[in-house]
Amino acid sequence: MYYGFDIGGSKIALGVFDETRRLLWEKRIATPTDSYATFLQAIAQLVAEADSRFACQGSVGVGIPGIPQTADGSLYATNVPAASGKPLLRDLSVLLGRKVRIDNDANCFTLSEAWDDEFRQYPLVMGLILGTGVGGGLVAKGKSLTGRSFITGEFGHIRLPVDALTLMGFDFPLTRCGCGKLGCIENYLSGRGFAWLYHHVYGETLTAPQIIARQQQGDARAQAHVERYADLLAVCLGNILTIVDPDLLVIGGGLSNFSALTTLLAPRLPASLLPVARVPRIEIARHGDAGGMRGAAFLHLTD
């Protein structure tokens, strides 16, 4: 059995999957915040319950926001203060008496999609999350590519390319990102960036869902905005796709619920790619909230 933990600031979700990657059981609890010992014990109790229920010792994978292992082996996860700064991977492996694997939540999202029954045929899968921020991951032949510092797939912190400034104007504001840099594409392509761009052009403050609702009702401003956003997304993705050259691009996050993005994006990409490049298949994520548990569980599938 494969146990996948999706750990966030407010909840710990455990999903148990069989050898066919079918979800058999899941349970959610509140994330302990009072102490590291309580946090570890909460995970251990869930594992013990799963072991008892399925009469086995399942493999354990953990997906968590942040950097799962920094240079000294400790976790960096500001949303999980009880465990941040602690050697979570080492301590869980000892406590549970088995090999534990850990990865960040964006990589787990991509791994979940790459192991979808239909998507397994693609050797190189790129996940792109367009939500509160912009992130993602890469999976090659069923295995997550983490990089030395677990930052592979942090696409949101690539700076605006010259094509974006050609499109938007060289006086386009370079806003400061939460990482401290100027001009990170996260500020323009995330859900909040989608809303910021509308305000920048029209001087009207609306949320992303409000803009999308207007676009679907035929509002001319909103329709023009969506076209502009798609143009910007395409030129920003051009450099990334040229480096990665994936077979499949899976889009998740809040903006993925706006299905028009996939139809608008594909025909715009060739202008930003090499003439010999082929546009990858583009799909909306299939597994929603279950993706974190699935991806974490599947960290053991390539053993």
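Pairing each heavy atom of Leu182 with each of Arg159, the nearest pair is O-CG, 3.0 Å. Shown here for Leu174 and Leu165, the closest heavy-atom pair between the two residues is CD2-CD2, 4.5 Å. In terms of heavy-atom proximity, Ile211 sits nearest to Ala222 at O-CB, 3.5 Å. The nearest pair of heavy atoms linking Phe155 to Gly127 is CE1-O, 3.4 Å. The heavy-atom pair separating Ala296 from Gly63 by the smallest distance is CB-N, 3.6 Å. For Ile12 against Pro32, the heavy-atom pair with the smallest separation is CD1-CD, 3.9 Å.
Rounded to the nearest 0.5 Å, atoms CD1 (Ile251) and CG (Asn257) are 11.5 Å apart. To the nearest 0.5 Å, atoms CD1 (Ile43) and CG (Leu92) are separated by 5.0 Å. Note: Tyr122 OH to Arg281 CZ = 4.0 Å, rounded to the nearest 0.5 Å.
The environment of CG in Asp289 is sparse: at most 12 heavy-atom neighbours from other residues, nucleotides or ligands sit within 6.0 Å. In Tyr36, the OH atom is crowded: over 12 heavy atoms of neighbouring residues, nucleotides or ligands sit closer than 6.0 Å. Taking a 6.0 Å sphere around NZ of Lys11, one finds it holds more than 12 heavy atoms contributed by other residues, nucleotides or ligands.
In this structure, Thr152 and Thr146 have side chains that are not in contact, with every pair of non-hydrogen atoms separated by 4.5 Å or more. The side-chain heavy atoms of Ile67 and Asn104, taken from C-beta on, include no pair separated by under 4.5 Å.
Ionic pairing of Arg21 and Asp116 is not present here: no N-O contact between side-chain nitrogen and carboxylate oxygen is shorter than 4.0 angstrom. Taking 4.0 Å as the cut-off between side-chain N and carboxylate O, Glu186 and Arg192 count as a salt-bridged pair.
Ring centroid separation for the pair Tyr2 and His300 does not come in under the 6.0 Å cut-off.
Below 30°, between 30° and 60°, or above 60°: for Tyr188 and Phe172 the angle between ring planes is between 30° and 60°, a tilted geometry.
When the side chains of ILVMFWY residues are joined at heavy-atom separations under 4.5 Å, either directly or via intervening members, Leu138 and Phe150 end up in two distinct hydrophobic clusters.
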Can you give me every donor-acceptor pair (side chain of residues 229-237, partner residue at least two apart or in another chain, under 3.5 Å) with its distance?
{"unit_1": "Tyr229", "atom_1": "OH", "unit_2": "Leu189", "atom_2": "O", "d": "2.6"}
{"unit_1": "Asp231", "atom_1": "OD1", "unit_2": "Arg268", "atom_2": "NE", "d": "2.5"}

Inset, instruction - Could you please spell out the steps behind the side chain to side chain contact (heavy atoms under 4.5 Å, CB included) verdict for Leu145 and Asn107? - result: CA-CA 8 Å; Leu145 302 179; Asn107 286 341; over 6 Å; no
